[in-house]
Amino acid sequence: MHRPATALALIALPAALSAQFRVDPAPLLTVPATTDAGDLRFATAAWATRLSSGEIAVADFAGSSVRILGSDGALKRTLGRSGAGPGEYRLPVWVGRCNADSLYVWDASARLTAYSAAATAAESSATRTVTEGANSLVAACSPAGSVALVSGMQPRRDLPPVLSGESRNGGQYNVVQMSAALVAVDGQGPVRRVRESISQGQWVLGRLSPQGGMGGVPRPLAPTMVFTYAGATLIVADGASGEVTGYAPGGSTALSFSAASAPRRPTAADYARAVGSAVAIAPSQIREAASDFLRGIPLPEQMPHFWRVLADPSGLLWFVVSPDGAAETQFRVYAASGALVGELRVEGGFVPFEVGADYLLGKRENADGEDEIVLLRLTRTR
């Protein structure tokens with residue numbers, strides 16, 4: 001059983017805004033993780049990108065591989081397998097179309113793999129170990145092939161814990177502020193440090209399960225720094241302050257503006273949905289215990305200004321101002337000048353991965369509790 005077609009709506013905007021957007025009520029494509037016959041297309045969609053051929057590449061986190069889906073949603077081929085060798089994956093968390101339609105794959109065990117446009121049809125790739133980005137759970141790439149990652153994530157030793165307490169299982173926990181460097185990888189050249197320290201949100205450190213050792217997971221709904229490429233400009237946006245900065249390839253500041261929104265307090269429903277996203281990176285055997293652990297942590301006082309930022313081919317910046325899993329996904333769209341040019345909402349728990357010239361690509365969870373890849377037609381109405 002699957003949900004009916006996602007309902008989508010356009011928000012009315014002031015006349016001063018120069019662009020508006022809408023999406024068609026019926027998706028162009030919906031691809032469940034399994035076929036009607038029970039065959040697996042992919043296990044867990046960590047990220048996805050659309051190739052110029054119309055095929056969709058899915059970073060299959062649980063399947064330790066990349067799945068290539070045809071324009072009809074059929075599984076065409078699988079790139080990689082579980083392992084630590086070239087073309088193999090342990091934690092594939094991101095895929096992107098970079099550098100003349102090449103497919104890049106970031107494995108959070110510190111390896112970046114590039115497939116040429118032709119090589120995506122075969123097991124052929126070039127792999128690079130990127131020690132500095134070993135713990136990056138997110139990535140972004142430019143059309144020229146530069147890949148941005150976070151490096152060396154660790155607790156801020158110069159700040160006291162944000163919060164301390166006792167979990168439901170009786171163990172002590174600390175909520176700490178995390179930081180990391182922002183780095184860029186340019187082909188086989190040296191890793192460039194773009195910023196020495198950026199906020200990586202808050203993590204809850206403690207005994208995640210009664211039988212386990214100490215561990216940590218992101219605090220649900222806590223603000224963090226997000227980033228993407230708009231052309232050659234690396235966009236870095238602070239979910240706590242709403243400040244947005246763009247860096248040119250040489251490191252100079254190319255743009256700066258605020259995308260802050262009105263303060264919002266989280267609800268218990270917001271928090272419950274966010275717990276599932278937070279424990280997705282935890283080992284499956286402790287995921288249920290980790291969820292119970294997090295449900296005992298107090299909610300943050302304020303929601304972040306945004307959860308992620310994506311850039312479309314024209315350079316517009318699409319800020320997602322609702323948390324993953326929300327019943328309605330809300331976008332605020334800005335020009336590089338900082339002008340707000342549009343707003344859009346998508347109902348149905350849509351989690352966006354990519355904004356194209358005429359489409360939105362993302363995922364949602366269906367009534368069976370499995371991921372679905374969803375492709376939506378996007379139209380600019382002005």
Side-chain angles (χ1 to χ4, degrees), residues 1-4 6-7 33 43-46 61-62 93 137-138 162-178 200-210 212 215-224 226 239-240 261-308 319-331 345-353 362-372 374:
M1 179 186 300
H2 301 302
R3 291 177 179 164
T6 303
T44 302
F61 180 81
V93 295
L137 298 177
V138 290
V162 176
L163 190 66
S164 297
E166 185 174 292
S167 67
R168 290 181 178 182
N169 63 25
Q172 296 296 311
Y173 70 81
N174 287 318
V175 177
V176 299
Q177 182 68 46
M178 305 293 285
Q200 280 299 286
Q202 298 168 7
W203 279 54
V204 183
L205 306 181
R207 193 178 299 278
L208 303 184
S209 66
V217 289
R219 185 185 186 187
L221 302 182
T224 188
V226 295
S261 54
R264 297 168 294 164
R265 294 183 65 85
T267 67
D270 291 328
Y271 190 77
R273 286 191 298 266
V275 165
S277 296
V279 302
I281 63 171
S284 57
Q285 61 268 27
I286 69 165
R287 205 165 290 159
E288 185 174 345
S291 295
D292 185 63
F293 175 87
L294 285 177
R295 285 193 287 268
I297 307 298
L299 278 67
E301 289 294 317
Q302 299 290 339
M303 298 272 263
H305 290 287
F306 35 73
W307 273 263
R308 64 183 67 188
F319 288 88
V320 182
V321 297
S322 54
D324 287 357
E328 181 180 82
T329 301
Q330 300 176 10
F331 297 90
R345 64 173 181 252
V346 179
E347 297 179 0
F350 180 73
V351 179
F353 295 141
K363 72 173 182 178
R364 68 184 179 203
E365 185 178 288
N366 64 24
D368 296 329
E370 68 179 21
D371 283 349
E372 291 182 335
V374 181

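Quick caveat, the model's predicted, so the values are computed rather than measured.
For the pair Phe350/Glu372, no side-chain contact is recorded, criterion being any heavy-atom separation below 4.5 Å from C-beta on. Side-chain contact between Leu163 and Tyr173 is present, with heavy atoms from C-beta onward closer than 4.5 Å. Using a 4.5 Å heavy-atom threshold, the side chains of Pro352 and Arg308 count as touching. The side-chain heavy atoms of Val93 and Phe61, taken from C-beta on, include a pair separated by under 4.5 Å. Side-chain contact between Val176 and Val162 is absent, with no heavy atoms from C-beta onward closer than 4.5 Å.
The pair Arg265-Glu301 counts as a salt bridge, with a side-chain nitrogen and a carboxylate oxygen less than 4.0 angstrom apart.
Of the possible donor and acceptor atoms, none in the side chain of Asp324 sits under 3.5 Å from a partner among the backbone N and O of Val351. In this structure a side-chain-to-backbone donor-acceptor pair under 3.5 Å is present from Gln177 to Gly201. Of the possible donor and acceptor atoms, one in the side chain of Arg264 sits under 3.5 Å from a partner among the backbone N and O of Pro304. Distance alone, capped at 3.5 Å, is enough to place a donor-acceptor pair between the Ser322 side chain and the Gln330 backbone. With hydrogens and angles ignored, the 3.5 Å screen pairs a side-chain donor or acceptor of His305 with a backbone N or O of Ser261.
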Could you walk me through whether Trp307 and Val226 pass the side-chain contact (heavy atoms from CB on, under 4.5 Å) check? CA-CA 7 Å; Trp307 273 263; Val226 295; over 6 Å; no

Could you walk me through whether Val346 and Glu328 pass side-chain contact (heavy atoms from CB on, under 4.5 Å), step by step? CA-CA 6 Å; Val346 179; Glu328 181 180 82; over 6 Å; no

Show, in sequence, the C-alpha distance, side-chain angles and deciding distance for Val321 and Phe331, and conclude whether the side-chain contact (heavy atoms from CB on, under 4.5 Å) test is met. CA-CA 6 Å; Val321 297; Phe331 297 90; over 6 Å; no

